[in-house]
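Have a look at the structure below, then the notes.
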Amino acid sequence: MYSNKDWVKDLVIYQVYPRSFQDSDGDGIGDIPGIISRLDYLKELGINAVWLSPVYRSPNDDNGYDISGYKEINPEFGTMQDWERLCDECHKRGMKVIMDLVVNHSSDEHPWFMESRTSKDNPKSDYYIWRDPKNGKEPNNWASVFGGSAWEYVPERGQYYYHLFSKKQPDLNWDNPELREEIYSMMKWWAEKGLDGFRVDAISYLDKPQDFPDSKLPPNPDGYSFSSDIVPGRPDTHAYIHEMNEKVFSPYNMVTVGEVIADETEELCRYVASEREEFDMAIPFVAPVIEINTWSPKKLREDISASYSALQQNGWWARFFSNHDKPRQVSLYGNDKEYREVSAKMLAIFLHSLPGTPFVYQGEEIGMTNMYFESIDDYDDLDAKNTYNMQILSGATPEEALKEAQMLSRDNARTPMQWSATENAGFTTGKPWLGINPNYSEINAENQINDPHSVFSTYKTLIALRKNCKAISRGSMEIADSVSENLFIIKRSYGNEILLAVCNFSDENISVDSGIIPDSYELLVSSYDREGNINLTNLRPYEAALLRIK
């Protein structure tokens, strides 16, 4: 696969969350014409691929990840003609277009489901997963991701349908070959319209155990056991992805990214090892509660080393700290208060020094931070509301439940993009669909574009380096042992070119063995470029530097 797709290694992919990127018509919701108006900003940054979160027709039970029309554009985002113009304008600027695609489930308002639910003998009857009641109740004790049973009863059929996520997101039955052909046909339709690739959402769940056994996990407060411990990574899931590659990805030479659930590196690599012919790269999904509670520099080092060893001969990596499902990276991994700027730069230097394709989530390039709403009613995220309710059921006070929801909420990443210090951060002239972080007067793109020491300028420098430096885009990697788990020293080599990244992941000074830092080097980028006085044997809090060794 990779011998024919070496161009994938040169991509820097920018994720746009359309609802929050730029509103063009004053309705408070970002849209496709708004994205088009900001393409020159992305070009200035150096981006050469744009990933759009879903813009398909959807009732928005889960912000577009519940699709009711795969070949239609949601009117709140614009028209198909707007999408075609976006595709053309991206291509004019040398940017590829990647669409988010959700095929584990659809909306319950999709025509397939609306027909499927009518009877047991209609043509779409087997497009979804239906089971008879068990002793007059649900077929098993599985819970959905968003709480409550994973089964919903439909009187017309006298059966339950399965939904891993919201009850408005019924799971598609991938065991049905007719359904699979419908999906592949739809994907080809987009490719023939000029689409360059897909990021496929929640792809690890396609293959379900047909007997649907009860989960042995302890029940949640509502009495159900969570089902994803049984579903991910089953053999037919990989067979379906391989078939998808064979019928769509390879014939159309598309860049492909899978969002996968993988508890171990070996399973993650099954999705992207080149000889398996599944995805080009994979984004492992980690639930925010796990991310916040278990993240550490030590674990980060272990995960990077393990995935590098597994794939360095026959695979590729998706590198990211942020996306629409995670807390803002500077708030989680860095320090969004006194060290916001330097820690944002440190995270950028670290990530862009790694082998693989870097992903930039909208706003991280200016150091946007988490947003803590004062009431659960201000949140839009289903997950945040479910977290709050589960905490209350478990005996937490409203204050405690709100604090937990604030930490985990996906709305942290979904507040509108902060373009300027003008009203509503330059995002809209109307009322924004979700509250805007009040720090927009300080943190915004307009303040940073022409500031040579801004977070934006650091990203711009790093992206330009990747395009001109094969040690970054193609080189081997070594992570040196260090006296502190908070200290990363990464060596990248390609031919005679050697780069060294030195990163402090803490708010304390760290001494570095003088023998590690070469006597002669070129400083390419530093997280303390605004302050100067670089001394790499005594790193300041969140200090990072990328060096070319002479």
message = Could you go through Trp433 and Ser20, starting from their C-alpha distance and side-chain angles, then the distance that decides it, and tell me whether this counts as side-chain hydrogen bond (donor to acceptor under 3.5 Å, both in side chains)?
response = CA-CA 8 Å; Trp433 74 278; Ser20 296; 3.2 Å; yes

task = Establish, yes or no, whether the cationic atom of Arg548 lies under 6.0 Å from the six-membered ring centre of Tyr521 and within 45° of the ring axis.
result = no

inquiry  = Closer than 4.0 angstrom, basic N to acidic O: yes or no for Arg466 and Asp10?
reply    = no

request  = Sort and list the pairs that fulfil salt bridge (charged side-chain N to carboxylate O under 4.0 Å, His left out) and have at least one residue in residues 421-440, not counting sequence neighbours.
outcome  = none

Trace of the side-chain hydrogen bond (donor to acceptor under 3.5 Å, both in side chains) decision for Asn60 with Arg19 = CA-CA 11 Å; Asn60 282 323; Arg19 182 174 294 275; 3.3 Å; yes

inquiry  = Between the side chains of Arg414 and Asp325, is the shortest nitrogen-to-carboxylate-oxygen separation below 4.0 Å, so that they form an ion pair?
reply    = yes

ask   = When the ring centroid of His163 is compared with that of Phe146, is the distance short of 6.0 Å?
value = no

task = May I ask you to check whether Phe505 and Phe488 place their ring centres under 6.0 Å from each other?
result = yes

In residues 446-453, what donor-acceptor pairs under 3.5 Å come from side-chain atoms, sequence neighbours left out?
residue	atom	partner	partner atom	Å
Asn447	ND2	Glu442	O	3.2
Gln448	OE1	Val455	N	3.4
Gln448	OE1	Phe456	N	3.1
Gln448	NE2	Ile366	O	2.9
Asp451	OD1	His453	N	2.9
Asp451	OD2	Arg530	NH1	3.4
Asp451	OD2	Arg530	NH2	2.7
His453	ND1	Asp529	OD2	3.3

request  = Please assess Ser24 against Asp31 for the test side-chain hydrogen bond (donor to acceptor under 3.5 Å, both in side chains), listing each intermediate value before the final yes or no.
outcome  = CA-CA 7 Å; Ser24 70; Asp31 48 41; 3.0 Å; yes

inquiry  = Does this structure show an ion pair linking Arg270 with Glu266, if we count only N-O contacts that are shorter than 4.0 Å?
reply    = yes

key: Phe226 ring center near Trp142 ring center (under 6.0 Å)   = no

key: From CD (Glu76) to CG (Asp27), nearest 0.5 Å   = 7.5 Å

Salt bridge (charged side-chain N to carboxylate O under 4.0 Å, His left out) between Lys385 and Asp381, intermediate numbers included = CA-CA 7 Å; Lys385 294 177 184 291; Asp381 177 24; over 6 Å; no

task = Take Trp317 and Thr357, measure what side-chain hydrogen bond (donor to acceptor under 3.5 Å, both in side chains) needs, and give me the verdict at the end.
result = CA-CA 6 Å; Trp317 308 267; Thr357 295; over 6 Å; no

key: Heavy atoms from other residues, nucleotides or ligands near CG of Asp481 exceed 12 (cutoff 6.0 Å)   = no

Exercise: do Thr422 and Ser420 side chains pair donor with acceptor under 3.5 Å = yes

ask   = Between Trp51 and Phe198, does the ring centre distance come in under 6.0 Å?
value = no

